[in-house]
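Reading through the C-alpha cells given below for one structure.
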Amino acid sequence: MNEIAKTPLNALIRKLVLDGVITKEEAHDASIATLGQRGALVRYLIEEMGLNDELIAQKASTAFGIPLFDLENLHLDSIPNNLVDQELVKRHRVLPLSLIDDKICVAIADPTNLNALNDIKFHTDIRTEAVLLPFKKLDHIINDWLKINDNVGIDLGEIEQAELDELAFSDATTEIDKENSAIDEAPIVRFVNKVLIDAIKEGASDIHFEPYEKDFRVRFRTDGMLREALRPPRKLAARLTARLKVMAKLDISERRIPQDGRIKMTLAGNREIDFRVNSLPTLYGEKVVLRILDASNATIGIDALGYMDQQRKMYLDALSRPQGMILVTGPTGSGKTMSLYTGLDILNLPERNISTVEDPVEINMTGINQVHVNQKVGLGFAEALRSFLRQDPDVIMVGEIRDLETAEIAIKAAQTGHLVLSTLHTNNAAETITRLLNMGVPSYNLATSVDLIIAQRLARRLCSDCSVSPKEIPTKSLLDFGFTEEALFSANIKVAVGCRNCTDGYKGRIGVFEVLRISPSISKLIMESANSIAIYEQARKEGFYDLRQSALVKAAMGLISLEEVNRITIE
C-alpha cells in the first residue's frame, strides 16, 4: 500500500480495501491506472472493475466526509441554468444544484475531482460545496439537464446542415413552402427538422410544442412518459408554430380554432415517417402536438408485442377464421393500433381483399385499401362500412366503434362472412360487452358475432443494461401484491436503476394483455345479459389472465418493475 499512500486517491482506496470491497492488488492497479487523472478513479472502479456505483458513493461519503444527496429532492426544473457555463458541466461531469448563502452546491460522483470544484469557483467567484451522487445516476441527470438547457438562447444558425442531409419531405409540402417563403427562414427550418429527427432517434411517440407567458418548451413522450427536451427562446414561438403549420398544410392565418394536418418525412434508406399534427389555441399562442407514426413498427411481428403464449395462440386462431369480430380495447396510447396493424400485416395476402376506415389513417400499408374519415363531406365510419360491403371484402378494420349505427353494421358484416377488427375505449375486456349492450346492440348479436376481445396496456420495459435484483422483499408483501407462491419460486424480480443507455432505468415498452375468448359458456352468459363480473368469473375458470395477472407474469420474468405493474393496472 506504500505506492497508494503517495497518491491523492488514498482515502477512497484505503476505505475500499479496509472494508473488503477490493484487494490490495486491485487497489494498486486502480491507483496506478488513474495516477494524475483527476476525477478518473470512480469511473475506473465502476467501468473497469465492475463495482456498484451506489456502493462506491457510500464508501466515498464516509471516506471524505461529503454528504450523499437525496435524489427524491432533485427536480430538473428547479436546477438553475445560468449558474455555471454548460461547457464546465460537460468537461467535469458535475452539476451545480443551487445557490444558497453565497455558496454553490455542486453534485459530484468522484470526490477526488478537486479540479472541478476549483474551476467552478474560479469562473463564478463563488464558494463551492460538494454533495455526492452515484456515478451512473449523476451521469444520467447531467445528460437530461444538458438536453433541456443546450438550446436556451440557441443561435439557430449554428445547427449543422450535415445533420439534416438525410431528411426529405413530400412534394406537396415543398410546394407549400415555396408559396410561404416568408415563413421558410433557414435557421427555423433547420431547427424544426432537427427536433423531428431527434424525436425519431429517441423513439418518441409524440412531440409537444408549448408556448407560455415567458417560456416556450418542447417535450417528447418517450416510453409513454413526457419529458422536457428543449427550451427555445420565447420570442421564436410564433415562427416555430408557423413553420409547423406550413409543413402540415394548415392555414397559418387561422389562430382561433384547432386544426389537423399531416407531415410526411422520408429518412435515409427510404424509411418513411408520418406525423399527425394538431394545433390548439391556448392563452399564450398555439400549442402544436405531433404524433409520430412509423410504418416500420407495424411489421415488428406478433412475437415482439408481449403476448403470453396462450394469448398469442388465441389471437392467431381468431385471425385465421373466415368470419367473426375481434375487438381491441384500452385507453388512448395503450397500443391498440399496433395490435390491429400487426393482425392486418398477418392477414395481408394477395388473395385477400382488406379495407379499413380510420380517423385518421395512422399507418400506410401497401396491399390494404385505407379510407380516411371525412365528416365534412359526410364520409363517416357507417358510410364507409356500407360501401365496403358492396366491394366484396374479406377483412374489414374499423378504427373505432363510436355509435350504435357503426356497431350494427360491423356486427352484420361479421355475421355475413367477413372478418371484422375494431377498437373501443373501455377499461377491460368484459366491460366491452357491457359497453356494446349499453349502446343498444342486442345481446344475441354480440353472442353470435364477437370471437375475441383483447384489452391492453403498454408498460415501460426495464433496461437490460442496468436493471438489478432488489434487496430482499418480504414474501408476505409479494403475496399481498398479487403473486402466487408458485410464481415466487422462480421469480426474477428486478428494479430500475438508470444508465446512459436508458431513461430512468427503462428502455422501450412491452404490451400487457388480457385476451378474452368468447367460449360457448361465455356466449351463453352474454345471451342472458350477464354483467362483467359474471363474465370474468367464468373466464377465470377457463384459464383467463386479467391485466394485473399478466403484468405480474412479466414482473416475475424481470421485464417490468413492480412500480410499472401498479402504474398500469388496478390491484
Side-chain angles (χ1 to χ4, degrees), residues 302 305-308 310-321 323-332 334-344 346-347 395-402 406-408 410-411 413-415 418-439 441-458 511-551 568-570:
I302 193 170
L305 294 181
Y307 286 96
M308 297 164 60
Q310 180 189 16
Q311 294 174 335
R312 182 174 61 251
K313 183 178 185 302
M314 285 192 286
Y315 189 20
L316 291 173
D317 285 346
L319 289 171
S320 67
R321 295 176 184 174
Q323 67 183 59
M325 178 177 281
I326 300 171
L327 295 173
V328 182
T329 183
T332 301
S334 60
K336 299 187 298 295
T337 300
M338 190 59 60
S339 285
L340 284 180
Y341 272 103
T342 300
L344 289 177
I346 293 170
L347 295 169
V395 179
I396 295 172
M397 195 270 271
V398 185
E400 182 182 350
I401 294 178
R402 298 176 179 173
T406 304
E408 287 179 334
I411 287 172
Q415 292 174 328
H418 309 92
L419 182 61
V420 180
L421 291 77
S422 189
T423 72
L424 282 91
H425 287 282
T426 59
N427 290 325
N428 55 49
E431 286 181 9
T432 303
I433 298 296
T434 305
R435 170 77 184 279
L436 289 169
L437 289 172
N438 289 340
M439 277 186 183
V441 178
S443 57
Y444 59 84
N445 278 344
L446 288 179
T448 57
S449 61
V450 179
D451 288 329
L452 196 73
I453 303 175
I454 301 170
Q456 65 182 79
R457 301 291 187 274
L458 286 178
V512 174
F513 305 88
E514 58 179 33
V515 180
L516 178 64
R517 184 176 65 86
I518 307 302
S519 64
S521 56
I522 292 178
S523 181
K524 182 180 178 182
L525 288 174
I526 295 172
M527 289 284 287
E528 297 169 353
S529 298
N531 60 30
S532 60
I533 296 174
I535 293 173
Y536 261 135
E537 288 177 352
Q538 179 59 37
R540 286 194 178 97
K541 293 177 183 178
E542 299 175 6
F544 170 81
Y545 277 74
D546 64 22
L547 282 169
R548 188 167 183 87
Q549 290 171 323
S550 298
I568 65 170
T569 66
I570 301 173

Pairwise side-chain contact, L419 with Q323, heavy-atom cut-off 4.5 Å (strictly under): no

Rounded to the nearest 0.5 Å, what separates atom OG1 in T423 from atom CD in Q456? 10.0 Å

Looking at side-chain heavy atoms only, is the closest gap between L421 and L319 below 4.5 Å? yes

Residues at least two apart in sequence or cross-chain that pass side-chain contact (heavy atoms from CB on, under 4.5 Å) with D317, listed by chain then number, are K313

Ignoring hydrogens and angles, state whether a donor on the side chain of Q311 or S550 is under 3.5 Å from an acceptor on the partner side chain. yes

Can you tell if the side chain of N427 reaches within under 4.5 Å of the side chain of L547, non-hydrogen atoms only? no

So, for Q538 and S521, which heavy atoms are closest and what is the spacing to 0.1 Å? NE2-OG, 3.2 Å

Residue list, ring-ring contact (aromatic ring centres under 6.0 Å, His included) with Y545, at least two apart or on another chain: none

So T432 and V450, do their side chains get closer than 4.5 Å, heavy atoms only? no

Can you give me the closest heavy-atom contact between P331 and R457, atom names plus distance? CD-NH1, 3.4 Å

Checking L436, L516, I518 against L327 for side-chain contact (heavy atoms from CB on, under 4.5 Å), the one that qualifies is L436

With rounding to the nearest 0.5 Å, note down the distance linking CD1 in I346 to CD1 in I302. 4.5 Å

Quick check for you: to the nearest 0.5 Å, what is the distance between Y444 atom OH and I411 atom CD1? 10.0 Å

Nearest non-hydrogen partners of R435 and L424, listed with the distance: CG-CD2, 3.8 Å

Who passes side-chain contact (heavy atoms from CB on, under 4.5 Å) against D451, sequence neighbours left out? R321

Considering residues at least two apart in sequence or located in another chain, which fulfil the side-chain contact (heavy atoms from CB on, under 4.5 Å) criterion with T448? Q415

Where is the tightest heavy-atom contact between Q310 and G543, given as atom of each residue plus distance? OE1-O, 3.6 Å

Do the non-hydrogen side-chain atoms of R540 and D546 ever get within less than 4.5 Å of each other? yes

Compare every heavy atom of A429 with every heavy atom of A455, then report the nearest pair and how far apart it is. CB-N, 3.6 Å

Before you tell me yes or no, could you show the steps for E542 and I522 under side chain to side chain contact (heavy atoms under 4.5 Å, CB included), namely the whole-Å CA-CA distance, both residues' side-chain angles and the distance that decides it to 0.1 Å? CA-CA 10 Å; E542 299 175 6; I522 292 178; 4.0 Å; yes

Determine the minimum heavy-atom distance between Q549 and F544, stating which atoms define it. OE1-O, 3.6 Å

Of all residues at least two apart in sequence or in a different chain, which pass the ring-ring contact (aromatic ring centres under 6.0 Å, His included) check with F513? Y307

Check: E400 and K336 side chains under 4.5 Å, non-hydrogen atoms: no

Could you state the interatomic distance from CD (E431) to OG1 (T329), rounded to the nearest 0.5 Å? 8.5 Å

What distance separates L344 CG from I396 CD1, expressed to the nearest 0.5 Å? 11.5 Å

Does a side chain donor of either S532 or T434 reach within less than 3.5 Å of an acceptor in the other side chain? no

Student check: side-chain heavy atoms of L458 and M338 closer than 4.5 Å: no

Qualifying residues under side-chain contact (heavy atoms from CB on, under 4.5 Å), relative to I433, sequence neighbours excluded: L437, L446, I453, I526, I535

Backbone of S529 reached by a side-chain donor or acceptor of S443 within 3.5 Å: no

